[in-house]
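Here is the structure we will look at, set down as structure tokens.
We use all heavy atoms of the structure for the numbers below, so side chains are in, but hydrogens, waters and symmetry mates are not.
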Amino acid sequence: MNFDKIDIFENQATPLLIAGPCSAESEEQVMAVATSLVTKGVSMFRAGIWKPRTRPGCFEGVGKEGLVWLQRVKKELGLSVTTEVATAAHVEQALAAGIDMLWVGARTTTNPFAVQEIADALRGVDIPVLVKNPVNPDLELWVGALERLYNAGITRLGAIHRGFSSYAEKFFRNSPQWQIPLELRRRMPGLPLFCDPSHISGKRELILSLSQQAMDLGFDGLMVETHCNPVCALSDARQQVTPDELELILERIVHRTANVGNADFEVFRKRIDEIDESIVKLLAARMDISRELGAIKRERGVAVFQPYRYNETIEKCKELCAGKKLDTETVMEIFGMIHCESVRQQLRIVSGENE
Ligand code: PEP
Ligand code: MN
């Protein structure tokens, strides 16, 4: 899959802004939101027609009736329109209605059968498609969905980062885990990357700061859920903003220029590179000791994994991090990985794999 920079909306200014309600609820609601958005620099109007709800009994979308409302937005207001598709039937109906762009939702991206069905329904059609990350933090599933569409001939592709669900996370509805979309960017530098701060945050107060972070990380656009009366929205009421609030958010976002090879930065980068080199040397030394220890464990018939030692390794991070400008949780995670690698190296010694 080869992406030179993809011009998904053909020569629009960046960052691209996709806005509109979580769900199309009524013709009046769709027209009211779209009318208020026309003057706000929005590139595309979004509205969910078929809503994948986690639990039954919630509002599951108005269905194909809503496509007619989107057609009105396109015709009367001149805004391009996009909606989520999850089945071949959705694709066929959306294409027949002249929808300008489609997106694949997070729940669908997790399911290769569903993505393949969508890809097959799109074969031979030239339409841009955005793929949201899967609900679970699995980059390969995300890449796989993009590949299925690409193999079906869809080349105007983009990705939307909407965060990853987890049992423990409370602050965000879906934790951002920025390293995953950034790794996607590393692998597919030309692929346009959007951020959906609405589904990451789950609450409108965080939309500005998440949008800013996305811009600082070089994302190409945003998808923000917007509703004229968010508290009464039939889905995702807590995370939607009004068109006026959206305008304020956009005004407040600071756009920074991408820098490449500026000499002022080089001094810092050189120091960082030196530290990285030391970290790798220290890691190698740590693993050498670990393997020596592994050999002794083997001689004495001692188990490789010692739970108390794992605990100690993780717990000591709290003390080590005290008074330093470091996030203890992150450092604990790093040490968890280091310990894991130590165990792996010792397992190889104990099983004689290197002999
Ligand atoms: C949506 O955009 O309304 C939606 C359902 O999003 P996600 O697939 O990210 O949950
Ligand atoms: Mn939503």
**Report entry** Reported CD1-to-CD distance for the pair Ile338 and Glu333, which is rounded to 0.5 angstrom
**Finding:** 11.5 Å
Query raised in the report: Is Gln179 atom CD crowded by more than 12 heavy atoms from other residues, nucleotides or ligands, each under 6.0 Å away?
Result: yes
**Report entry** The single option from His227, Arg173, Glu205 passing side-chain hydrogen bond (donor to acceptor under 3.5 Å, both in side chains) against Gln239
**Finding:** Arg173
Report summary line: In terms of heavy-atom contacts, Leu122 and Leu102 come closest through CD2-CD1, 3.8 Å
Report task. Check the pair Glu147 / Asn151 against side chain to side chain donor-acceptor pair (under 3.5 Å), numbers first and verdict last. Result -> CA-CA 6 Å; Glu147 284 171 343; Asn151 292 344; over 6 Å; no
**Report entry** Ser201 side chain vs Lys203 backbone, donor-acceptor pair below 3.5 Å
**Finding:** yes
Query - Minimal non-hydrogen separation, Pro192 against Asp220, with atom names - result: CA-OD2, 3.3 Å
Query raised in the report: Which heavy-atom pair separates Ile314 from Phe335 by the least distance, and what is that distance?
Result: CD1-C, 4.1 Å
Query - Lys316/Glu319 under salt bridge (Lys or Arg N to Asp or Glu O under 4.0 Å): CA gap, chis, key distance, verdict - result: CA-CA 5 Å; Lys316 79 181 169 203; Glu319 251 169 73; over 6 Å; no
Query raised in the report: Should we count NZ of Lys297 as having more than 12 external heavy atoms under 6.0 Å?
Result: yes
Report summary line: On a heavy-atom basis, the closest approach of Leu193 and Pro181 is CD2-O, 3.7 Å
Report task. For side chain to side chain donor-acceptor pair (under 3.5 Å), just list the numbers for Asp236 and His199, CA-CA rounded to whole Å, side-chain angles, deciding distance to a tenth of an Å, and then say yes or no. Result -> CA-CA 9 Å; Asp236 291 351; His199 288 90; 3.0 Å; yes
**Report entry** Value rounded to 0.5 Å, distance of CD1 in Ile249 from OG in Ser209
**Finding:** 9.5 Å
Query raised in the report: Less than 4.5 Å apart, any side-chain heavy atom of Ser342 and any of Arg286?
Result: yes
Requested in this report: Output yes when a side-chain donor or acceptor of Thr226 lies under 3.5 Å from a complementary backbone atom of Val224, and no otherwise.
Outcome: yes
Requested in this report: Might you point out which heavy atoms bring Met332 and Cys317 nearest each other, and give the distance in Å?
Outcome: CG-CB, 3.7 Å
Query raised in the report: Applying the side-chain hydrogen bond (donor to acceptor under 3.5 Å, both in side chains) test to Asp196, which of Lys132, Arg46, Arg162 qualifies?
Result: Lys132
Report task. Would you list the pairs meeting ring-ring contact (aromatic ring centres under 6.0 Å, His included) in which at least one residue belongs to residues 309-332, sequence neighbours left out? Result -> Phe305-Tyr310, Tyr310-His339
Report summary line: Output for pair (Thr242 OG1, Leu37 CG), nearest 0.5 Å, gives 9.5 Å
**Report entry** Shortest non-hydrogen contact between Val30 and Val73, atoms and distance
**Finding:** CG1-CG2, 3.6 Å
Report task. Give the intermediate values and the outcome of salt bridge (Lys or Arg N to Asp or Glu O under 4.0 Å) for residues Asp120 and Arg123. Result -> CA-CA 5 Å; Asp120 292 340; Arg123 215 170 277 278; 3.0 Å; yes
Query raised in the report: So, does Gln240 use its side chain to make a donor-acceptor pair with the main chain of Cys22 at under 3.5 Å?
Result: yes
Query raised in the report: Looking at side-chain heavy atoms only, is the closest gap between Gln177 and Ser166 below 4.5 Å?
Result: no
Query raised in the report: Hey, is CD on Glu277 packed in by over 12 heavy atoms from elsewhere, all under 6.0 Å?
Result: no
Query raised in the report: When you look at CD of Glu140, are more than 12 heavy atoms from neighbouring residues, nucleotides or ligands closer to it than 6.0 Å?
Result: yes
Requested in this report: Could you tell me the separation between the CG atom of Leu191 and the CG atom of Leu130, rounded to the nearest 0.5 Å?
Outcome: 9.0 Å
Query raised in the report: Is it true that atom NZ of Lys324 has more than 12 heavy atoms of other residues, nucleotides or ligands lying nearer than 6.0 Å?
Result: yes
Report task. Please check if atom CD in Glu183 has more than 12 non-hydrogen atoms from other residues, nucleotides or ligands closer than 6.0 Å. Result -> yes
Report summary line: NE2 (His90) and NZ (Lys64) are apart, to the nearest 0.5 Å, by 11.0 Å
Report task. Take the angle between the ring planes of His161 and Trp142 and call it parallel below 30°, perpendicular above 60°, tilted in between. Result -> tilted
**Report entry** Rounded distance (nearest 0.5 Å) linking atom OG of Ser290 with atom CD of Glu341
**Finding:** 8.5 Å
**Report entry** Side chains of Met31 and Leu77 in contact at under 4.5 Å (non-hydrogen atoms)
**Finding:** yes
Report task. Give a yes or no on whether a salt bridge exists between Glu27 and Arg72, defined as a side-chain N under 4.0 angstrom from a carboxylate O. Result -> yes
Query raised in the report: Going by an N to O cut-off under 4.0 Å, is there a salt bridge joining Lys270 and Glu266?
Result: no
Query raised in the report: Okay, side chain of Arg204, backbone of Ala237: is any donor-acceptor separation there less than 3.5 Å?
Result: yes
Query raised in the report: So if you build clusters from Ile, Leu, Val, Met, Phe, Trp, Tyr with side-chain heavy-atom gaps below 4.5 Å, do Ile253 and Trp178 land together?
Result: yes
